[in-house]
S.K.: 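The structure follows.
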Amino acid sequence: MINEITLRLNGETRTLDVNPLKRLLDVLREDCGLSGIKEGCGEGECGACSVLIDGVFMNACLYPVGKAEGKEVITIEGLVGTENYEVLKESFEQAGAVQCGFCSPGMIMAAESLLRKNPHPTEHQIREAISGNLCRCTGYNMIVEAVQLASKRGEGLW
Amino acid sequence: MKEVNRSIHKKEGMGLSMGKPAYTDDLVPQNALIIKVLRSPHPYARILNINTEKAEGLDKVKCVLTYKNVPRNIVTRAGQGYPEPSPHDKFVLDEYVRYIGDEVAAVAAEDEETAMLALKLIEVEYEILEPVLDFEKAVDNPSIIHTEEEAHEMFPIGFQPKRNIAAEYHMSFGDMEDTLENCEYVVTETYYTQAQNHTAMETHSCFSYIDIQGRLSIVSSTQTPFHVRRIVAEALGMPINNIRVIKPRIGGGYGGKQALHGELLSSLVTIRTGKPAKLIYSREDVFEASYSRHPMRVVVTIGADREANIKAIDMNILSNTGAYGEHALTVFMVAGSKTLPLYNKADAVHFGGTVVYTNHTPAGAFRGYGAIQGNFALESTIDILAGNIGIDPMEFRAKNMIKEGEGSPIFKIMGEGTEGVDMVMESCKLDFCMKRGLELCGWKQKFPRKQVAANKVRGIGGAIAMQGSGIPAIDMAAATIKLNDGGFFNLMVGATDIGTGSDTILAQIAAEVLDVSTDKIIVYSSDTDLTPFDCGAYASSTTYVSGNAVKNAAIKMKAQIEEIAAEKLGVRAEDVEMIDGVIKAKSRDASITLSDLSTQLYYSHKQKQLMTCESFSGEVSPPPFMAGFAEIEIDTETGKVDLVDYTAIVDCGITINPNLALIQVEGGLVQGIGMTLYEEVKYAESGKLLSNNFMKYNLPTRNEIRKLTVEFAKSYEPTGPHGAKSVGEIGIDTPPAAIANAIYNAIGVRFTKLPITSEDILLALRKKRS
Ligand code: FES
Ligand code: FES
């Protein structure tokens with residue numbers, strides 16, 4: 001079953017001919033050629049596939065593309081180039097939060113989503129917000145530090 | 001030091017965080033066939049009939065592989081030096097399947113849907129055999145797991161397949177019986193550790209294609225590209241010169257990728273069809289059908305005299321390698337060789353045991369590589385013994401542990417599968433690590449316990465550890481440095497950056513010698529056609545072994561540059577020095593920039609390419625050391641245990657990149673903490689792994705990990721590149737014992753089995769009360 005699905009992807013309107021049951025994760029990687037979104041588990045448990053859908057933080061591996069009809073999808077590629085991203089990226093780099101990097105795009109999406117809701121999160125709130133994103137390389141401390149840094153540096157952005 | 005001992009950002013960090021295509025699955029050609037593997041539903045069975053006709057009849061199915069149509073060459077998939085210390089006991093596909101998840105057949109189709117459908121259409125008739133699921137009943141079990149006559153060892157490792165023994169080893173010195181008899185205090189305890197899963201966020205991934213010259217290229221998420229090339233050639237019976245292995249960016253390895261996973265099947269599909277093909281493991285595949293840590297039973301006896309001097313240590317291990325013997329001998333040996341030297345004054349030491357086959361998912365390399373299992377047993381027993389003697393456990397350690405300038409007979413006796421090398425610790429700041437750690441964690445105020453609320457008690461506990469820096473006299477790394485016009489360099493290394501930042505630190509090591517900034521060193525790593533050899537990323541080898549190769553290549557390059565510059569400036573080679581990209585004559589006011597010199601060298605003056613290549617194989621393997629301290633809090637009503645603080649002081653020599661070294665230690669700690677408290681492995685009675693996803697297998701998240709305090713001791717290893725030792729594994733070793741000791745100190749219950757869950761604690765508390 002192939003349907004026409006129209007959505008806004010990273011600021012552009014896209015019309016795709018796909019099976020509406022296909023996972024948004026696969027559509028983004030295979031049909032839209034976006035590599036920033038990763039599959040770490042395929043079961044909604046690791047956050048490597050994090051995207052924002054109409055501003056809401058979601059796991060694309062559990063999201064059938066049909067549901068995205070008419071919605072706004074933002075992936076890491078859509079964030080790149082924004083002022084927010086610049087602050088986030090610098091903070092992640094400075095805190096040394098990127099190790100193997102496989103979780104990093106998802107982590108940055110989680111940070112963006114948190115800061116949009118709460119530009120001045122406490123350490124506890126950061127831990128809570130990012131607890132759905134697994135990282136097996138780091139001790140997480142650096143990631144928490146990165147978000148704190150971003151929150152401070154990006155004063156007024158979020 | 002200008003470039004070394006600086007927290008330079010990882011070279012590819014920016015690209016990775018932008019989500020640029022970098023990992024294996026990001027690079028797969030559009031038209032690649034999708035490979036799916038049919039896996040055994042039985043722990044042990046023989047395939048009586050397998051009918052693939054219906055699957056092959058599907059339009060988009062391009063290839064179906066079963067044991068009937070693949071080459072029958074027996075290999076080990078362990079990515080180790082050659083000849084491998086692991087038994088050769090694995091065919092590409094076999095008529096026997098030996099664990100739930102073992103490969104029965106592979107299908108390659110044009111799309112995933114068809115591949116999945118084709119799997120369902122394969123009809124298999126099995127003769128179900130009696131599995132061996134309890135590793136303590138494996139030896140001489142009537143059910144024999146490896147009956148194939150081709151199975152063999154490459155050199156004596158105690159391989160006895162008819163007895164379900166993959167490897168066996170014993171060593172001893174001194175008179176154990178006599179020494180123990182004369183000890184005032186003797187403790188014996190038995191410990192069990194679980195089959196921890198690596199759970200690298202990037203699952204095992206590879207793809208293959210035939211290049212323009214008709215050669216097979218494999219792109220793989222591997223820690224050991226050169227071993228992959230050798231093993232693929234051997235397993236498929238093809239000339240090694242027809243194979244190229246490329247390692248792109250890797251999403252974490254931790255030992256799990258120190259073996260072949262999909263490469264053999266993917267290569268065969270490509271060879272058979274001429275088409276690119278990819279095999280990407282699902283998360284479930286990783287859990288059920290790749291690799292775990294070797295579960296072990298460790299029995300330790302330690303004896304001490306009246307003055308609290310350790311006189312005897314006896315360690316007996318039963319290790320479970322699962323269905324195949326990858327890393328069987330060496331992981332088990334490291335449980336002794338990287339723990340026993342910590343207490344180097346014992347008169348009598350025995351180490352030995354058996355590694356058995358069972359019908360479980362195979363075990364393999366995993367950060368710590370046996371040392372963490374051995375450390376849990378040894379360092380828990382040290383605390384028990386200290387308690388019996390009535391001495392502070394850290395003081396007991398300080399009194400008995402290895403110190404700078406000392407050696408241990410173990411170093412010479414035990415290597416990795418073979419004899420080891422003699423070593424004296426030229427850098428060992430364990431005493432500092434201990435002292436500083438005690439201060440930082442507040443030992444004096446907190447030991448052994450503090451009641452912090454009516455139902456909340458805190459306990460503190462510690463442990464010490466050592467690891468190694470590569471496998472001496474066996475593993476080799478090489479590096480090539482090429483000078484380019486404009487005065488920048490390419491550094492080509494076989495060394496395998498698996499996300500650790502090794503490309504960056506190797507560039508720093510070269511930059512330090514060449515006196516240029518690190519961004520002038522462009523690194524290209526791990527391509528078997530283009531880069532020189534390197535054994536790969538394992539055994540904590542990259543900083544020390546590959547780092548030394550890089551340093552030596554850079555020294556040679558510097559000498560060549562200076563020689564040519566001297567000639568140009570009309571002075572002798574000894575009379576020039578290269579500083580900050582400028583080569584100056586010492587005796588008079590003459591100089592030339594590296595940029596000008598190299599450009600002239602390639603275009604206008606005595607044209608020639610400067611390129612140097614050096615190799616390094618360690619004569620020793622200087623151990624990094626650490627002291628770790630855990631403070632835990634237990635809710636005595638619910639049993640809930642929380643890690644409040646973990647303090648780790650590490651001696652890894654000079655840190656080439658303090659930030660990257662810190663991540664190595666913190667990441668290791670969290671994996672060790674996970675193994676100790678959260679990562680429970682559960683099987684159904686049938687042998688089926690139940691904890692096969694992130695819902696059922698609990699990784700520590702940010703919520704569980706509260707405070708980690710890591711510091712590095714001031715230390716300099718004279719044999720290391722710019723004073724460095726390796727740091728990849730040491731962080732993982734102390735948490736099991738330190739946390740178990742802390743729990744004991746809090747509630748007086750000794751846990752000897754991992755993981756220690758809140759449920760276990762509650763049960764123990766209830767039992768204690770009644
Ligand atoms: S891949 Fe979507 S949450 Fe793991
Ligand atoms: S950096 Fe490797 S998983 Fe997070």
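Here the structure is a predicted model, which is why all the values come from computation and not from measurement. Letters go in sequence order (proteins before strands), and every chain restarts at 1.
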S.K.: Looking only at heavy atoms, which two atoms of B:Phe694 and A:Cys41 are closest? And how far apart?
M.R.: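 Closest pair (atom of B:Phe694, atom of A:Cys41, distance): CD1-CB, 3.7 Å.
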S.K.: Can you tell me if A:Tyr140 uses its side chain to pair, donor with acceptor, with the backbone of B:Pro700 under 3.5 Å?
M.R.: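 Pair found, side chain donor or acceptor close to backbone of B:Pro700.
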S.K.: Select one option (side chain, backbone, both, neither) describing which atoms of A:Ile143 are under 4.5 Å from chain B's heavy atoms.
M.R.: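 For A:Ile143, the contact with chain B is made by the side chain alone.
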S.K.: If you draw a 6.0 Å radius around CD in A:Glu69, do more than 12 non-hydrogen atoms from other residues or ligands fall strictly inside?
M.R.: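 Atom CD in A:Glu69 is packed in, count exceeds 12.
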S.K.: Quick one: does A:Arg127's side chain get under 4.5 Å of B:Thr701's, heavy atoms only?
M.R.: no
S.K.: Quick one: does A:Thr138's side chain get under 4.5 Å of B:Glu666's, heavy atoms only?
M.R.: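 When only atoms from C-beta onward are counted, B:Glu666 and A:Thr138 do not touch, as no gap falls below 4.5 Å.
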S.K.: Should we count CD of B:Glu113 as having more than 12 external heavy atoms under 6.0 Å?
M.R.: no
S.K.: Is it true that atom NZ of B:Lys60 has more than 12 heavy atoms of other residues, nucleotides or ligands lying nearer than 6.0 Å?
M.R.: no
S.K.: Counting C-beta onward and ignoring hydrogens, is there a side-chain heavy-atom pair between B:Leu660 and A:Gln99 closer than 4.5 Å?
M.R.: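 Side-chain contact under 4.5 Å: yes.
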S.K.: What part of A:Glu123 gets within 4.5 angstrom of chain B, counting heavy atoms only: side chain, backbone, both, or neither?
M.R.: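 Neither part; nothing is under 4.5 Å.
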S.K.: Work out which heavy atom in A:Cys137 is nearest to a heavy atom in B:Tyr254; give both atom names and the distance.
M.R.: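 The pair with the smallest heavy-atom distance is SG-OH, 2.9 Å.
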S.K.: Within a radius of less than 6.0 Å around NZ of B:Lys696, do more than 12 heavy atoms belonging to other residues, nucleotides or ligands occur?
M.R.: yes
S.K.: Relative to chain A, which segment of B:Ile250 carries a heavy atom at a distance below 4.5 Å: side chain, backbone, both, or neither?
M.R.: backbone
S.K.: Taking B:Gln671, B:Lys20, B:Glu12 one by one, which has the highest count of heavy-atom pairs under 4.5 Å against chain A?
M.R.: B:Gln671
S.K.: Roughly how far, to the nearest 0.5 Å, is the CD1 atom of B:Ile705 from the SG atom of A:Cys135?
M.R.: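 The SG atom of A:Cys135 sits 11.5 Å away from the CD1 atom of B:Ile705.
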S.K.: Supply the atom-to-atom distance B:Met201 CE to A:Cys100 SG, rounded to the nearest 0.5 angstrom.
M.R.: 8.5 Å
S.K.: Within the side chain of A:Ser35, is there an N or O that forms a donor-acceptor pair under 3.5 Å with the backbone of B:Gly19?
M.R.: yes
S.K.: I'd like to know which of A:Glu90, A:Gln94, A:Met142, A:Met107 tops the heavy-atom pair count under 4.5 Å against chain B.
M.R.: A:Met142
S.K.: Of the non-hydrogen atoms in B:Tyr23 and A:Phe102, which two are nearest, and what is the gap between them?
M.R.: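 For B:Tyr23 versus A:Phe102, the nearest heavy atoms are OH-N, 3.1 Å.
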S.K.: Between chain B and each of A:Ala97, A:Gly42, A:Gly96, count heavy-atom pairs under 4.5 Å; write down the option with the most.
M.R.: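 Option with the greatest count: A:Gly96.
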S.K.: In the structure I gave you, are the side-chain heavy atoms of B:Met14 and A:Glu93 within less than 4.5 Å of one another anywhere?
M.R.: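 They are in contact (side-chain heavy atoms under 4.5 Å apart), so the answer is yes.
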S.K.: Under a 4.5 Å cut-off applied to non-hydrogen side-chain atoms, are A:Glu45 and B:Asn693 in contact?
M.R.: no
S.K.: With a 4.5 Å heavy-atom cut-off, do A:Arg29 and B:Asp26 have their side chains touching?
M.R.: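 Yes, side chains in contact.
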S.K.: Heavy atoms, side chains only, cut-off 4.5 Å: are B:Leu16 and A:Ser104 in contact?
M.R.: no
S.K.: Is A:Ile108 close to B:Ser17 at the side-chain level, that is, under 4.5 Å between some pair of heavy atoms?
M.R.: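 Yes; the side chains approach each other to less than 4.5 Å.
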S.K.: For chain A, which of B:Val286, B:Val665, B:Leu27, B:Leu699 has the most heavy-atom pairs under 4.5 Å?
M.R.: B:Leu699
S.K.: Could you state the interatomic distance from CD (B:Glu112) to CG (A:Asp26), rounded to the nearest 0.5 Å?
M.R.: 6.5 Å
S.K.: Closer than 3.5 angstrom, by distance alone: can the side chain of A:Arg136 be matched with the main-chain N or O of B:Gly252 as a donor-acceptor pair?
M.R.: no
